[in-house]
Amino acid sequence: MALITSSKSQSAYDVIIVGSGAGGAQMAYTLCLGGLKCVMLEAGRNYQPALETPMFQRPDQAPLRGLPTPDKNFGFFDSTIDGGWQVPGEPYTQASEKKEEQFHWWRPRMLGGRTNHWGRISLRNGPYDFKPRSRDGLGLDWPISYVDVDPYYTKVEMLIGVYGTNSGLENTPDSPAGVLLPPPKGRAAELLSQKFGKKLGVPFLSIHRAILTRPLDAETIPARLHPNNPWAQRIVADSMRARAACFWATDCGRGCSTGANYQSTTVHIPPALATGNLDIIPNAHAREVLVNAEGKATGVLYIDKTTGQEQRVSARVVVLAASSGETVRILLNSRGGRGLANSSGLVGKYIMDTVGTNVSGQIPLLENCPPYNEDGAGGSHFYAPWWLYQNQAAGKMDFARGYHIEMGGSRKMPNGSNPVPDDLIQGLYGTKLKEAARRYYGSLVSYSCRGEMIPNKSSFCELDPTLKDKWGIPVLRWHWKWSEQELNQVAHARKTFSELIESMGGTVSKNASDKPLEFIEPGGKVIHEVGGAIMGESAKDSVCNSWNRTWDVKNLFISDGAPFASNSDKNPTLTIMALSWRAADHILEEARRGNL
Amino acid sequence: MNTPNSNRLSRRAVFQWFAATAAALSAGEAALFGAESPLLQSAKPPASTGYGTDPELLRAYKPGELWPLTFNPVQKACVVALCDVLLPADHLGPSASSLGVPEFVDEWVSAPYPVQQEDRPLILEGLAWMVSEAASRFQREVPALEAAQLEALCESVCQPERVRAGFKNAARFFHKMRGLAMGAYFSTPAGWAAIGYVGNTPLAKFDGPPAEVLGKLGVEQTVE
Ligand SMILES: Cc1cc2nc3c(=O)[nH]c(=O)nc-3n(C[C@H](O)[C@H](O)[C@H](O)COP(=O)(O)OP(=O)(O)OC[C@H]3O[C@@H](n4cnc5c(N)ncnc54)[C@H](O)[C@@H]3O)c2cc1C
Ligand code: SF4
């Protein structure tokens with residue numbers, strides 16, 4: 001079994017997995033190592049990081065110095081293929097013309113999905129994050145608790161490799177000793193933020209990112225991941241040995257040709273393929289889940305994009321992991337557009353993104369540093385977890401949920417855009433301009449709020465009543481609304497970041513607007529969208545049960561972000577993978593019992 | 001003048017252009033900026049598509065490979081002169097023109113994408129402004145301007161707050177060009193050396209800032 005075309009697919013599989021990103025690839029990994037025969041449908045083309053990643057290519061070797069264009073929204077070298085904020089021929093629509101009520105939807109079309117270019121920030125949800133409603137009466141509780149997911153967080157961290165440190169801070173879980181890889185050293189701006197953050201009570205410390213700061217221990221980890229399964233252990237050990245440690249250069253957003261960071265194409269998919277239990281059909285765009293008269297899923301109808309023809313594939317179990325929005329779309333388009341697994345009416349409801357806003361500034365202390373290499377691990381080394389849980393519990397704040405701070409600021413490779421803001425070089429040209437650039441380079445910092453959005457009834461998606469994509473499939477129409485909760489949160493973040501910059505003796509860069517509704521990142525822009533098929537306690541008020549299994553269709557599972565009942569400030573992907581592994585174990589167990 | 005890629009311009013054509021732009025300038029800046037004169041070549045770039053959503057990432061590209069360029073020799077000469085007065089050869093490194101910056105600007109104004117197409121008229125009109133300023137203030141062609149004369153041109157537009165009424169668009173042009181030139185300059189190896197970027201090279205370990213920097217900042221390395 002391997003990478004195949006539609007015509008080579010088997011007549012039936014144990015499991016069809018739609019999507020090859022974090023959720024789908026984790027599912028394939030666990031199921032294939034557990035012995036089930038799987039086929040993975042991926043709407044994008046095959047993608048091979050070892051052969052395609054532009055590691056040391058320079059901006060001056062790229063068109064337009066590598067700057068973003070409508071073809072490559074995050075720059076020429078970013079690994080996104082055939083997508084971005086728009087996918088040619090596959091539009092989506094907005095219910096409202098108001099900017100603040102619109103949702104922006106990031107979609108690549110490639111094997112591995114967004115895991116090829118994600119930021120690799122891998123934070124565990126804490127115990128509070130699964131029971132938010134019980135704590136403050138807002139939003140929704142999950143039907144599971146931290147203890148249910150904890151062992152799976154540990155397994156995923158051991159498999160993909162996550163650097164970081166255990167902080168012991170409230171609702172910021174530690175990993176078991178020896179699981180996290182050593183964190184990288186702090187950079188100048190990070191250490192400075194840590195020092196001055198402390199004075200304001202903001203705890204900057206090592207972030208957790210899925211990057212190998214040393215090779216994975218292929219001798220011991222596989223046995224801990226797959227006890228009593230020497231065959232799986234051997235495959236996983238081989239796959240771990242094929243990944244090099246980070247060599248402290250190049251931007252992770254381009255992907256990593258040596259497998260030093262997590263992308264599903266270098267971490268999950270190779271061992272899954274090595275089992276011989278996985279077929280992957282690229283260029284296969286799932287349109288509907290097929291069901292029989294008893295309401296059981298029998299397979300998936302997809303468009304073979306290489307021919308434009310409809311194809312069908314059958315299996316005993318169907319898993320959707322096309323990214324939460326696409327999964328919702330497939331559900332709504334199933335049964336000829338009448339929808340599937342939607343007896344609750346909640347498919348597409350409660351869409352959440354992460355709450356974002358940015359403040360940047362210039363720090364004189366960081367000017368004129370002697371040149372030295374600060375590339376590091378291709379992204380951030382430090383962050384600040386949310387630190388005001390106690391104030392919120394005491395009712396002292398005007399928003400209920402927290403945010404963590406991600407920060408930027410280093411002597412990183414100039415990327416083709418002007419490295420110095422105009423207000424620092426007013427009137428300058430010639431040698432004075434070059435001297436100013438050298439002086440200010442490395443003295444700029446930025447802080448980003450990454451906060452929890454509380455699910456609300458006005459943020460949802462549905463099928464557009466008329467518009468279809470180029471394959472004839474109805475597209476999604478988005479509705480969006482922020483509540484006071486999120487607006488108060490970004491106002492707090494802006495104030496905090498400004499204080500921090502000023503406490504360091506710096507100057508806050510001019511902001512375009514003072515209105516939270518204008519300086520909050522628009523919906524979808526943080527690219528952490530989850531929800532749309534939430535899990536819950538009953539079929540009446542949720543789409544999935546606690547095993548990511550749809551209430552209505554017993555052999556249909558959802559293993560991307562769609563089942564999230566809340567979207568804590570912690571970036572979602574580690575949780576997507578942990579829940580996917582957990583759901584896969586459940587599928588294996590049910591298969592063993594003959595329940596599928 | 002109508003063939004954007006003609007490499008050679010006759011002297012006659014150049015002088016006609018000078019005359020036309022100088023005349024336009026005497027009618028005020030508005031006649032140059034925003035004017036649809038064929039002499040300014042501010043019309044849309046030749047139809048072309050971008051590099052698509054799945055371009056080959058591993059090979060090196062050169063301006064002109066993906067879409068046809070725009071500048072004629074006069075425009076090119078203006079861009080070279082301006083880029084080199086913005087970022088000259090000095091103790092921090094070579095001149096902008098020796099690092100391909102003018103070619104990048106040509107690639108930029110010629111690109112089939114919205115941001116670049118929006119910049120195109122401003123830049124082309126700005127180049128025409130340079131020609132006419134050189135002619136009317138110094139009675140010279142741009143390449144023949146002395147350093148002090150080029151600097152005088154810059155001085156009249158480099159302070160956004162102090163730019164006199166007729167020069168507002170020229171000042172916008174100057175700032176647009178400065179931003180583009182800096183971006184292009186500092187994204188080359190020589191530009192890295194100039195600005196103080198060190199990296200893009202594999203390391204066995206990452207040490208963080210050296211002691212000297214930690215000392216200057218008054219911080220300690222907190223990660224072992
Ligand atoms: C620039 C960027 C930075 C990010 N940084 C972080 C971060 O630091 N930390 C973090 O936790 N998260 C981050 N994210 C978010 C993270 O990428 C996603 O949460 C994660 O990839 C979601 O996994 P998924 O499997 O649900 O979807 P994806 O990874 O998007 O994979 C879905 C796959 O399904 C395919 N597909 C879609 N529709 C169909 C269909 N109809 N039929 C067949 N296949 C289909 C897609 O082509 C895609 O390959 C970031 C995202 C971006 C874009
Ligand atoms: S920084 Fe490290 S992990 Fe990231 S792309 Fe470079 S080598 Fe790979």
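Chain identifiers are assigned alphabetically (A, B, ...) following the order of the sequence lines, protein sequences preceding nucleic acid strands; residue numbering begins at 1 within each chain.
Proximity to chain B (any heavy atom under 4.5 Å) is shown, for A/Q86, by neither the backbone nor the side chain. Neither the backbone nor the side chain of A/P182 comes within contact range of chain B, judged by heavy atoms closer than 4.5 Å. Contacts of B/W108 with chain A are made by both backbone and side-chain atoms, with heavy-atom separations under 4.5 Å. Only the side chain of A/P419 comes within less than 4.5 Å of a heavy atom of chain B; its backbone N, CA, C and O stay farther away. For a residue to count as touching a neighbouring chain, one of its non-hydrogen atoms must lie under 4.5 Å from one of that chain's; by this rule B/V213 touches chain A with the side chain only. With a 4.5 angstrom heavy-atom cutoff, A/T80 touches chain B only via backbone atoms. Interface residue B/L57: backbone and side-chain heavy atoms are both found under 4.5 Å from chain A. Heavy atoms of A/E52 lying under 4.5 Å from chain B belong exclusively to its backbone. Within the 4.5 angstrom heavy-atom criterion, only side-chain atoms of B/E161, from C-beta onward, approach chain A. Within the 4.5 angstrom heavy-atom criterion, only side-chain atoms of A/R45, from C-beta onward, approach chain B. For a residue to count as touching a neighbouring chain, one of its non-hydrogen atoms must lie under 4.5 Å from one of that chain's; by this rule B/R59 touches chain A with the backbone only. Contacts between B/E155 and chain A at a heavy-atom distance below 4.5 Å involve backbone atoms as well as side-chain atoms. Of the atoms belonging to B/A204, it is backbone heavy atoms, and not side-chain ones, that fall under 4.5 Å from chain A. Residue contact with chain A, scored on non-hydrogen atoms closer than 4.5 Å, involves the backbone of B/D207 exclusively. For A/M55, the part lying under 4.5 angstrom from a heavy atom of chain B is the backbone only. Within the 4.5 angstrom heavy-atom criterion, no atom of A/T165 approaches chain B. Residue contact with chain A, scored on non-hydrogen atoms closer than 4.5 Å, is absent for B/L180. Neither the backbone nor the side chain of A/E190 has a heavy atom closer than 4.5 Å to any heavy atom of chain B. For A/K432, no part lies near chain B; criterion is any non-hydrogen pair under 4.5 Å.
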With side-chain contact (heavy atoms from CB on, under 4.5 Å) as the test, would you mind laying out the steps for A/Y372 and B/E212 before giving the verdict? CA-CA 11 Å; A/Y372 62 95; B/E212 178 191 356; over 6 Å; no
Step by step, work out the side chain to side chain donor-acceptor pair (under 3.5 Å) result for A/N373 and B/Y197. CA-CA 7 Å; A/N373 186 321; B/Y197 166 71; over 6 Å; no
Is there a side-chain contact (heavy atoms from CB on, under 4.5 Å) between A/R58 and B/T188? Walk through the geometry before answering. CA-CA 7 Å; A/R58 306 186 311 259; B/T188 62; over 6 Å; no
Report the C-alpha distance between A/F382 and B/T222 in whole Å, list the side-chain angles of each, state the deciding distance to 0.1 Å, and finish with yes or no for side-chain contact (heavy atoms from CB on, under 4.5 Å). CA-CA 11 Å; A/F382 280 19; B/T222 54; 3.9 Å; yes
Walk me through it: do B/Y113 and A/L64 pass the test side-chain contact (heavy atoms from CB on, under 4.5 Å)? CA-CA 11 Å; B/Y113 297 114; A/L64 300 172; 4.0 Å; yes
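Judged by distance alone, the side chain of B/K216 and the main-chain N or O of A/L365 form a donor-acceptor pair under 3.5 Å. Under a 3.5 Å cut-off, the side chain of A/R187 and the backbone N or O of B/P209 do not form any donor-acceptor pair. Counting only distance, with no hydrogens or angles, the side chain of A/D375 and the backbone of B/G199 share no donor-acceptor pair below 3.5 Å. Using a distance-only test at 3.5 Å, with no hydrogens or angles considered, a donor-acceptor pair links the side chain of A/R65 to the main chain of B/A184. B/K62 places no side-chain N or O within 3.5 Å of a backbone atom of A/P63 that could act as its donor or acceptor partner. A donor-acceptor pair is defined here as one N or O able to donate and one able to accept, closer than 3.5 Å; such a pair exists between the side chain of A/R438 and the backbone of B/A193. Judged purely by atom type and a 3.5 angstrom limit, B/D54 has no side-chain atom pairing as donor or acceptor with the backbone of A/I81. Judged purely by atom type and a 3.5 angstrom limit, A/N418 has no side-chain atom pairing as donor or acceptor with the backbone of B/G179. For the pair A/K434 (side chain) and B/P88 (backbone), a donor-acceptor distance under 3.5 Å is present.
Note: B/H91 leads B/E220, B/H91, B/E56 in heavy-atom pairs under 4.5 Å with chain A. In terms of heavy-atom pairs under 4.5 angstrom with chain B, the leader among A/Y440, A/F77, A/Y441 is A/Y441. For the set A/L205, A/L428, A/N415, the entry with the most heavy-atom pairs within less than 4.5 Å of chain B is A/L428. For the set B/E151, B/H175, B/Q116, the entry with the most heavy-atom pairs within less than 4.5 Å of chain A is B/E151. Comparing A/P414, A/P371, A/A249 by heavy-atom pairs within less than 4.5 Å of chain B, the highest count is held by A/P414. Counting heavy-atom pairs under 4.5 Å between each of A/N73, A/I425, A/V420 and chain B puts A/I425 at the top. Counting heavy-atom pairs closer than 4.5 Å to chain A, the top residue among B/P55, B/G100, B/G208 is B/P55. In terms of heavy-atom pairs under 4.5 angstrom with chain A, the leader among B/D84, B/T201, B/L66 is B/T201.
Taking a 6.0 Å sphere around NZ of A/K470, one finds it holds more than 12 heavy atoms contributed by other residues, nucleotides or ligands.
Closest non-hydrogen pair, A/Y429 versus B/V85, comes out as CD1-O, 3.9 Å. Between A/R411 and B/I195 the shortest heavy-atom distance is NH2-O, 4.3 Å. In terms of heavy-atom proximity, A/G186 sits nearest to B/Q221 at N-OE1, 2.9 Å. Closest heavy-atom contact between A/P184 and B/V223: O-CG1, 3.5 Å.
Atom OH of B/Y51 sits about 6.0 Å away from atom CG of A/D71, to the nearest 0.5 Å. Separation of atoms OG (A/S206) and CD (B/E224) is listed at 10.5 Å; rounding is to 0.5 Å. The CE atom of B/M182 sits 4.5 Å away from the CG atom of A/L433 when rounded to the nearest 0.5 Å. In this structure, CG on B/L99 lies 8.5 Å from CG on A/D60, to the nearest 0.5 angstrom. Expressed to the nearest 0.5 Å, how far CZ of B/F186 lies from OG of A/S417 amounts to 12.0 Å.
For the 3.5 Å distance criterion, the side chains of A/D82 and B/T53 qualify, holding a donor opposite an acceptor.
Checked against a 6.0 Å centroid threshold, the rings of A/F76 and B/Y61 count as neighbours.
Considering A/I363, A/L366, A/L191 in turn, A/L366 is the only one that fulfils the side chain to side chain contact (heavy atoms under 4.5 Å, CB included) rule with B/L217.
Taking the side chain as every heavy atom from C-beta outward, B/R162 and A/Q426 never approach each other to under 4.5 Å.
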